[in-house]
Asks: 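To start, I am sharing the structure in question, which I have written as C-alpha cells.
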Number of protein chains: 2
Amino acid sequence: MENSTSTTEERILEAAKKVFHCKGFDGARMQEIADEAGVNKSLVHYYYRNKDNIFQAVFEDAFSKLITKLNEIFYSDLDFKSKITIFVSYYVSFLSENSYIPLFILNGLYEKPDMIKAMLKKKNFAPEKLMEQIRKQVKEELHLEIDPFHLYINILALSIFPVIAKPLIQTIFGYSNDQLKQFNEERKTVVPDFILNALKGYENEHRN
Amino acid sequence: MENSTSTTEERILEAAKKVFHCKGFDGARMQEIADEAGVNKSLVHYYYRNKDNIFQAVFEDAFSKLITKLNEIFYSDLDFKSKITIFVSYYVSFLSENSYIPLFILNGLYEKPDMIKAMLKKKNFAPEKLMEQIRKQVKEELHLEIDPFHLYINILALSIFPVIAKPLIQTIFGYSNDQLKQFNEERKTVVPDFILNALKGYENEHRN
DNA sequence: GTCTATATCGGGATAGAC
DNA sequence: GTCTATCCCGATATAGAC
C-alpha cells in the first residue's frame, strides 16, 4: 500500500478528515476511515488508540487552519478596509473549497465541548487583544466608536453562513454547482461592500 | 403515564424534538427518546415504525416553524425597513429560545438530502416570488437596484449565525449565559441598523 | 396501546500471529 | 507495522403476551 510518498499515519489522518468533516463524530465509522486510507481498521487504532483521539486530531487541524489565517490577516498592518476585503475574499475561497469545515467545527463544539475547550486553552487563543485591536483601528481610521464584538461576529456571519448553508441555498434557489460557484465569487465583492457601506452609514449618522 | 393532557404520540414527538435537536440524527438514541417521553422504547416504534420516520416528523416541524414566520413577515404589507426590524427581532428571540434548531436543520440537509428535498417539494416552498417581492420593494421604497439573493442571505446570515455559533461565542469570548442573553438582545437593534446602514450606503453611492 | 423479551446487526476495541 | 480473528456492547427493530 506504499502508493504515495506520505506515511501511513498521514494517510489515515487525511482519510479521517474527509470522513469526519462529512459525517461528524457520530456519523463517522472507523471502518470507513480505514477504507478511505486503504488500510486495515486495526491500524487506525494502532496509531490513534480510539475514536476520540483521532477526532481531536482532525478538529485541531481544522480549527487552527481557520484561526491561523484569521489572526494573520487581522493582526497585519493593513488598513481596516483592506483587512475586510482580503479576509472575506480569502475565507470565501478557502471555505468554498473546504465547505464541510465550518459546520464540522460548530458541531464539534456541541458534541465535544470539554474536549474542545481544553484544546482552545492549550492553543492559548485570546480574542480580547483582537477585539481591542479592531476597536482601536476603526476609531483611528474611520473615526467611529463601534462595538468590536458585534462587528466581528457580523463579518464572520456574512463570510461563513452562506458556505454552511450551501445545501439550503442549492435546494431552495435551485442552483447548480456552477451557479453556486458564481454566487460565492460575487460574495467576495458583495460582502466587503456591504460591511463598508454599513460602517459608512454609521459615519453619516454621527455627523448628523 | 397519563400525567398530562397530551396524547402519547404527542409526548413522543416532543421528546424526539428535544433529543434530535441536540444530538442530531446519528447521535440520537431511540431509547433516549423513549425515556424523555416516559414511555417504553417499543412504543416509539409503534407510532413511528422507524428512526427515519420520526426524524422526518421532527425536521418537518422545525423547518415549517422557521419558514412560516419568515413568509408571514416578508409577505406582509409592512414597509421594508419595518420588515427587517421585525424579522430580526423575532428570529433572534425565537432562535435564542430554540438555539438547536438552525444547526439541526443545516445538518439535516447534509445528512438526509433526499428526504429533505422531497419534503421541500411537498411543502411547495417557492423562493422566486419572495426574491421578486424583495427586489421590487427595495426599488420602490429605497430607490435601489439590489440583488435580492445576496441581501436575503445577508439578512439570514446576520440573524442565524450568532445563534448557531453560540458555543463558539461563549467559549471564545468567555460569556456567561447572562452575557450571551444580553448580546442577543443587543443584536435586535445592531443587526437592523447594520443592514439599513448598508443599504443607505448603496443609496449614497448611487447619488455620487 | 403498552409492555417484556429477544433477534440481529454493526461498530469500537483488543489479542495475537506474522 | 500490518494483518486476521474475535470480543462485546449497544442500538434498531420485531414478536408476542397482556
Asks: Please check the phosphate of D:dT2 (OP1 and OP2 only) for any side-chain N or O of A:T8 closer than 4.0 Å.
Replies: yes
Asks: Has B:Y47 got a side-chain N or O lying under 4.0 Å from the OP1 or OP2 atom of C:dT2?
Replies: yes
Asks: Could you tell me how far apart B:H45 (NE2) and D:dT12 (C1') are, to the nearest whole angstrom?
Replies: 5 Å
Asks: Parallel, tilted or perpendicular: which describes the rings of B:F194 and A:Y202, with under 30° parallel and over 60° perpendicular?
Replies: tilted
Asks: Please tell me if the side chains of A:V191 and A:V92 come closer than 4.5 Å, counting only heavy atoms from C-beta onward.
Replies: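 A:V191 does not reach A:V92 side chain to side chain.
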Asks: Mind calculating the distance between CZ (A:F55) and C1' (C:dG12) to the nearest angstrom?
Replies: 16 Å
Asks: Between N or O atoms, less than 3.5 Å apart, protein on one side and nucleotides 5-10 of chain C on the other: list the pairs.
Replies:
none

Asks: Between atom CG in B:D26 and atom P in D:dG10, what is the gap in whole Å?
Replies: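 So the two atoms are 18 Å apart, to the nearest Å.
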Asks: Could you tell me if B:N107 and A:N107 have a donor-acceptor pair between their side chains, going purely by distance under 3.5 Å?
Replies: yes
Asks: In this structure, how many angstroms lie between the C1' atom of C:dC3 and the CD atom of B:Q31, rounded?
Replies: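 In whole Å, C:dC3 C1' lies 13 Å from B:Q31 CD.
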Asks: Using rotation axes that map the C1' atoms of four end pairs onto the next four (five pairs an end), what angle separates the end axes of the helix from C:dG1-D:dC18 to C:dC18-D:dG1, to 10°?
Replies: 0°
Asks: Under a 3.5 Å cutoff, is there a donor and acceptor pairing between the side chains of A:Q56 and A:K112?
Replies: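 Distance-only check fails for A:Q56 and A:K112.
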Asks: Which whole-number value in Å describes the distance from B:E32 CD to D:dT12 P?
Replies: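 From B:E32 CD to D:dT12 P: 10 Å.
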Asks: Provide, to the nearest angstrom, the distance between the OH atom belonging to A:Y48 and the P atom belonging to C:dG11.
Replies: 22 Å
Asks: Given atom CD1 of B:I33 and atom P of D:dA11, what is their separation to the nearest angstrom?
Replies: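 The distance from CD1 of B:I33 to P of D:dA11 comes to 12 Å, rounded to the nearest Å.
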Asks: Considering only C:dG1, D:dA13, D:dT2, which nucleotide approaches the side chain of A:L43 most closely?
Replies: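 Nearest listed nucleotide: D:dT2.
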Asks: Go through the side-chain N and O atoms of B:Q31 and B:D35 and say whether any donor and acceptor fall under 3.5 Å apart.
Replies: yes
Asks: Which nucleotide wins on minimum distance to the side chain of A:M30, given the candidates C:dA13, D:dG1, D:dA13?
Replies: C:dA13
Asks: Can B:S176 and B:K181 be counted as having a side-chain donor-acceptor contact under 3.5 angstrom?
Replies: no
Asks: Which part of the nucleic acid, if any, lies within contact of B:A28, taking any heavy atom under 4.0 Å across all strands shown: a base, the sugar-phosphate backbone alone, or nothing?
Replies: sugar-phosphate
Asks: I would like to know whether A:N177 and A:Q170 meet side-chain hydrogen bond (donor to acceptor under 3.5 Å, both in side chains); could you show each step before the answer?
Replies: CA-CA 8 Å; A:N177 284 336; A:Q170 282 203 297; 3.1 Å; yes
Asks: Ring of A:Y91, cation from A:K69 - is the NZ or CZ under 6.0 Å from the centre and inside 45° of the axis?
Replies: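 So A:K69 doesn't make the cation-pi contact.
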Asks: Is it true that the side chains of A:K166 and A:S96 contain a donor and an acceptor less than 3.5 Å apart?
Replies: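 No pair is found: no donor N or O on one side chain lies under 3.5 Å from an acceptor on the other.
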Asks: If you check the B:Y46 side chain, which of C:dG1, D:dT2, D:dC3 turns out closest?
Replies: C:dG1
Asks: Tell me the interatomic distance from A:I54, atom CD1, to C:dA13, atom C1', rounded to whole angstroms.
Replies: 14 Å
